[in-house]
Engineer: 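Can you keep this structure in mind? I'll have questions shortly.
Every chain is numbered from 1, with letters handed out A, B, ... down the list of sequences.
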Number of protein chains: 2
Amino acid sequence: MQSSSVAPGRSLRTIKADAVAASIAATALDLFDKKGFDGVTVDEIASASGISRRSFFRYFATKEDIVVAGHAAFGERILEIVRARPQGEDVWLSLRRGYDILVDNVDRDPEAAARTMRVINATASLRAHTIEKHIVWAVCLGPEIAHRLGDAPARRLEADALIHASLACLDVALAHFTPGQDASLGEKLDAAFDALRPVRSR
Amino acid sequence: MQSSSVAPGRSLRTIKADAVAASIAATALDLFDKKGFDGVTVDEIASASGISRRSFFRYFATKEDIVVAGHAAFGERILEIVRARPQGEDVWLSLRRGYDILVDNVDRDPEAAARTMRVINATASLRAHTIEKHIVWAVCLGPEIAHRLGDAPARRLEADALIHASLACLDVALAHFTPGQDASLGEKLDAAFDALRPVRSR
DNA sequence: CAATTTTTGGCACACCGTGCCAATATATTT
DNA sequence: AAATATATTGGCACGGTGTGCCAAAAATTG
């Protein structure tokens, strides 16, 4: 297998599978927004997407994953951005810049993002799972931030505190965000970050 | 009904029910610690506790609630403590003092607390539910902290950022805590709070 | 076209959580 | 103490999620 000479990152099949998953997610999100997350069964989503129930669970491990799965990939991208920041920079600012990629993503399609946030905020289990994904990001960021703080073992707790607090700021900014509003998500995020300001920079 | 003249807060039956719930929780926690949260079914817990499956769900709405339900009550108590702090005090410090009640609770029985933390940290859904409960605390604390910040509507986001960041510090301190260790939970929590220090005090 | 591999769909199953109702235990009244 | 009311329990059936297993269909390859 894998006889094709060119394998540019994603294989051909993976691309197709991702497209199908995206399509399922789109129709599911519409249903969630209309009838509430708990008011929609997997059978409903499957038949509305033209696939069987069994096949649905091959694209998404969980019903929650429809909403949350996309988040997982961002962890790596945030880490990349933070890695690219100058070494001496204030860690708090580096983290803030890392989240720019999320801000851009929301700004690219504010209505869709708002709909997703609406669904998430209306369902307790989804809020929890969102934060759970953020914890995965925190684990990703851990070593890099600890390194920037000097790598002393005593600094591990400090690094974790900064990371998790920055994620708390992100969650708060997202919760306070609605698309056609006065302030953009970026500004809200800035305001949250300004409220907390760590003392040390390196 | 309720003919008894003295009704000291909790009715007599409620006390009994709470005791039964505590007993169920104790046996369940033992099982969780041994076989993992997902490796124990509700039927197992019920029969080990000498009750029927149906009755179990009258004491706990969810299997997760065995581990998490106790947390809910702390929200009110934390709020009480924060309310009792002097009005001009640095909000960051007020929040820190609010969590003293949790520190005390852990210090009272570090082994039990450690076991609970072990079970929680080993199970994704439990981590998520723990955070869910913390969000409830945040909602409790919201008005009081906003009030201390001056009640201007613009300060709502700032208040939420402080609250959620402080909860992030709590989570980090708990995650870094193991009973027979060098530093107590209180010291870990202090370290986390010191890493983040908000600029304004009122 | 034929052969292989992947994808799909259809069961059956274990588990969680809930509504309903009859049986049992507990408390209250006479 | 007997009778009545009330609360608790247990059993049953049901809808929902998620998974293992295997055969049918579809796509890929020679």
Engineer: Does a side chain donor of either A:His164 or B:Asp171 reach within less than 3.5 Å of an acceptor in the other side chain?
Structural biologist: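 There is no such pair between these side chains.
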
Engineer: Provide the closest heavy-atom pair for B:Phe60 versus B:Ala25 in the form atom of the first, atom of the second, distance.
Structural biologist: CZ-CB, 4.2 Å

Engineer: Rounded to the nearest Å, what distance is computed from the CD1 atom of residue B:Ile24 to the C1' atom of nucleotide D:dT8?
Structural biologist: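 Value for this atom pair: 13 Å.
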
Engineer: Tell me the interatomic distance from B:Lys16, atom NZ, to D:dT6, atom C1', rounded to whole angstroms.
Structural biologist: 14 Å

Engineer: Backbone N or O of B:Phe193 within a donor-acceptor pair of the B:Trp92 side chain at under 3.5 Å?
Structural biologist: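 Looks like yes, one N/O pair under 3.5 Å.
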
Engineer: Report the distance from atom CG of A:Asp38 to atom P of D:dG15, rounded to the nearest whole Å.
Structural biologist: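 Rounding to the nearest Å, CG of A:Asp38 and P of D:dG15 are 18 Å apart.
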
Engineer: Please determine whether side chain to side chain contact (heavy atoms under 4.5 Å, CB included) holds for the pair B:Cys140 and B:Glu76, giving the CA-CA distance in whole Å, both sets of side-chain angles, and the decisive distance to 0.1 Å.
Structural biologist: CA-CA 7 Å; B:Cys140 274; B:Glu76 298 294 333; 3.9 Å; yes

Engineer: For B:Glu44 and C:dA14, what is the distance between atoms CD and P respectively, to the nearest whole Å?
Structural biologist: 14 Å

Engineer: From CZ of A:Arg53 over to P of C:dT7, roughly how many Å is that when rounded to an integer?
Structural biologist: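 That distance rounds to 21 Å.
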
Engineer: Is the A:Trp137 ring parallel, tilted or perpendicular to the A:Phe74 ring (thresholds 30°, 60°)?
Structural biologist: perpendicular

Engineer: Looking only at the side chains, is there a donor atom on one of B:Ser49 and B:Tyr59 sitting less than 3.5 Å from an acceptor on the other?
Structural biologist: no

Engineer: Could you give the CD1-to-C1' distance, from A:Ile51 to D:dA26, as a whole number of Å?
Structural biologist: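 About 16 Å, once rounded to whole Å.
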
Engineer: When you measure from every atom of DNA chain D, which of residues 54-68 of chain B have a heavy atom less than 4.0 Å away?
Structural biologist: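 Output list: B:Arg54, B:Ser55, B:Arg58, B:Tyr59.
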
